[in-house]
Every structure is written in structure tokens, then in C-alpha cells.
Amino acid sequence: MQRNETSDVTWRLSTPSDIQFAYQVAVANDPRWWRACKNGLSPRTVIEVAQSFAAGVVISNEARDLGIAVLSETGAAATGMLDVWSLQDSEAIESVSDIIPEILGAAFSASNIRALYFERFENDVDLLGYSRPWWKLQIEYPDFAMIQGKYENRTCWVMTRSDFEIHSSSITDSVA
Amino acid sequence: MIIHTSRAIFRPITPDDYTRLYNIENDPLSTSTWRYKTGMPPPEEYESALWRQTDAIWVVEGRESHQIIGYLQLHDVDLRAQHGWFSLYSRAESRGSGFVMEGLMAFCEAVFNEWPLRWIYAHSLEQNVHSFESGIRRGDAVRLGILQDRMVIDGVLSDVHVIGISRESWMSSKLRERFNRLRISRKSLEN
């Protein structure tokens, strides 16, 4: 099993036994994790969505699982939709956002994907860490859905493989 | 909802239409830019392919000819967010005639009067987006963005435009007013 580390936070490829954790994350983020929650939170519905993902990783520290990153809608166009979600405490949010750029690197290096898409509501917690400015806005859906009594816009962002390579190499250069 | 105009009938699809739809969709010019990117399904699988993720289908039929000119689909309806997606297909020889765009007006009328949707969206390939440009210029439709190089069509990267039509803008549009004036009332059809 592939495994990697940033300080004491690690990630690993998900297995079918992580479905219950994915459900826990979906419930914690209802309805912001729209792909998982839009049809309601019956465990069967959410688990069916989780089982449809092309690939996923679980992010954890020594004590517990903290969040997940999953890839869906992969196909002939060699693109994929990324979802990143964490439990809602600050330790989980910080740990997940710290390690996401590394997971992006792993996703590009382990696959032939040429672009990743990412969708978010305007008031979602930002879990993309220092990769956030690398994403380019493509679509904005006004008043997409009601969250806590107020309609929120939803945006779709893209990061191409070449964008990732340029930005991540500039980080590496500045560290060197 | 069935809508009659001076030259077209917009009506829900029936199983009797499948063979004719299959024949007009089986068009080599549009196969790669339409929904069956891996090729047309065999006839025995056509019905399930046609209705996949689909909530309603209306056909546009010529009033005189009774030929099916195209069809419009409402799909991926999300009732929690109150929006859905649409797609429209025109037979090759009727493209540019305005029939299917007339069908889109009827579609908006049907969807926004009979479904609790606030927005309908469409993906349009770069090659097809010109059909929406006049609606965008008038403000009846909105280009919500462009997914650059999103698809590979015949080995070439192609942009995908996302077009949105809101209930609010359709219900108050001058285009809707004009369209409904041109509709043929049930009463005059009976006479």
C-alpha cells in the first residue's frame, strides 16, 4: 500500500473498510459535500456515492483519521473531479490542508490525468492549503443551493498538470 | 405539457418515437459531439441509453410534415438545489432552421411551469455554442463559464461552455412574452 508523510500526518490509499469513515465525513459536512449529500444522508445513498469514486486517500495522524480526498468523473478526457473533506475540528482542517499539495503531486505522478477540477461553495472551509492560488476559476453557478438558510454560489476550478508542475517546481526551487 | 406553434408541435416523447429518434441521432456528423461518444448503442439498448439520468424528454415535430426535427431532454435534476440540466438535439438537415431553438423556448415554458427548478444548465461544446449566442446577447441565457480543453473530440481538445437559464429571467423575459403570443391556443386548434 502506498503511504506518505508530512510531519505526523500521513495519507494512504483508501480501502472498502474506509466507507464508514467517508460516511462520517459526509455527515459532518452536509450539505457542503454536495456530491455525497445532495440526495440525502441515508447510509445506503452516501455509501453508493462513495463506492463510485475512482480513487481515494484517507488522511490521518497517529491518533485518528482526519479527512479524505477522492477522485471521480475520470474518463476518456483524462480529467478528474477532486473532492477534499475533513472532519470539522481545527486539527483535522489544518492537517488536511497541509498535506493536500503533496497528495495532488501523487495524483498527477501516479496517473495520466491532465487536469483536475475542484468545486466549492463560497463559504466552504479552504482545504487546498498552499495550492489554493494554483487553481483557476472556470465556472460560477450563482445561488447554487441553500446552506444554513442562504443561497450560496458554487464555483468550479481547474488545475492542469502543467500548472501543477510549474507551481510545485517553483516551490521546490525556492526551498532549495 | 404540449405546445403548438405555427410550424411545430412540442410534445412529450412516446415509445413510438424511438425508432425515428434512433435514426436521426445515428448521424455520423454529430456522433462525436453528442452524448454517445463511444458510438450509438444497438437499437435494443437505445431506450435505456436515451433515458439514462433523464427525467423528461420532449420531441419537436413539424406541424405539417409530422417529421421529428429534434428533441430536448431534462436530465440530472437536483431537487435539493432546485436545478437541472438540459440538452437539445436537432436532426442534421434542420440545423440552423430555428426549429429546435423554438423547441427550447417551449422547453423553458414547460420546465419552469411544471418543475420546481430555479435554474437549468447545459454543457455546450465550442462547435455548438453559437446556437446560444443570441440568447446570451439578449440576456435570456447566461454563460456561466468555460471549461477549457475539457473534452477530446476526434483527438482534438475542445472547450465546453456552461450555459444557464434561470426561472427568474425566463419568466420575465420579452422573448417569453413574444413566444406565448405566437403559441396556438387549444381553442383555435379545436376550431
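Excluded from the calculations below are hydrogen atoms, water molecules and symmetry mates; all remaining heavy atoms, backbone and side chain alike, are included. Chain naming here is simple, since letters A, B, ... match the order of the sequence lines and numbering starts at 1 in each.
- Residues meeting the side chain to side chain donor-acceptor pair (under 3.5 Å) test with B/S48, sequence neighbours left out: none.
- For B/L157, the part sitting under 4.5 Å from any heavy atom of chain A is the side chain, from C-beta outward, and nothing else.
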Would you mind writing out the side-chain donor-acceptor pairs for residues 66-80 of chain A within the sub-3.5 Å range, not counting sequence neighbours?
residue : atom : partner : partner atom : Å
A/E73   : OE2  : A/R35   : NH1          : 3.3
A/T79   : OG1  : B/R150  : NH1          : 2.9

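- Around atom CZ of A/R64, more than 12 heavy atoms belonging to other residues, nucleotides or ligands sit under 6.0 Å away.
- Remark: the backbone N or O of A/W134 is not paired with any side-chain donor or acceptor of A/S131 at under 3.5 angstrom.
- Only the side chain of B/Q82 comes within less than 4.5 Å of a heavy atom of chain A; its backbone N, CA, C and O stay farther away.
- Ranking A/P142, A/A115, A/A145 against chain B, the residue ahead of the rest is A/P142, based on heavy-atom pairs under 4.5 Å.
- Interface remark: A/C156 contributes side-chain atoms only to the contact with chain B (heavy atom separation under 4.5 Å).
- Contact of B/L147 with chain A is made through backbone and side chain together, with heavy-atom distances under 4.5 Å.
- For B/R176 (side chain) and B/E109 (main-chain N/O), no donor-acceptor pair under 3.5 Å exists by modelled atom type.
- For A/N39, no part lies near chain B; criterion is any non-hydrogen pair under 4.5 Å.
- Within the 3.5 Å criterion, the main-chain N or O of B/S124 finds no donor-acceptor partner in the side chain of B/N128.
- With chain B as the partner, the residue from A/K136, A/R114, A/M146 showing the most heavy-atom pairs under 4.5 Å is A/R114.
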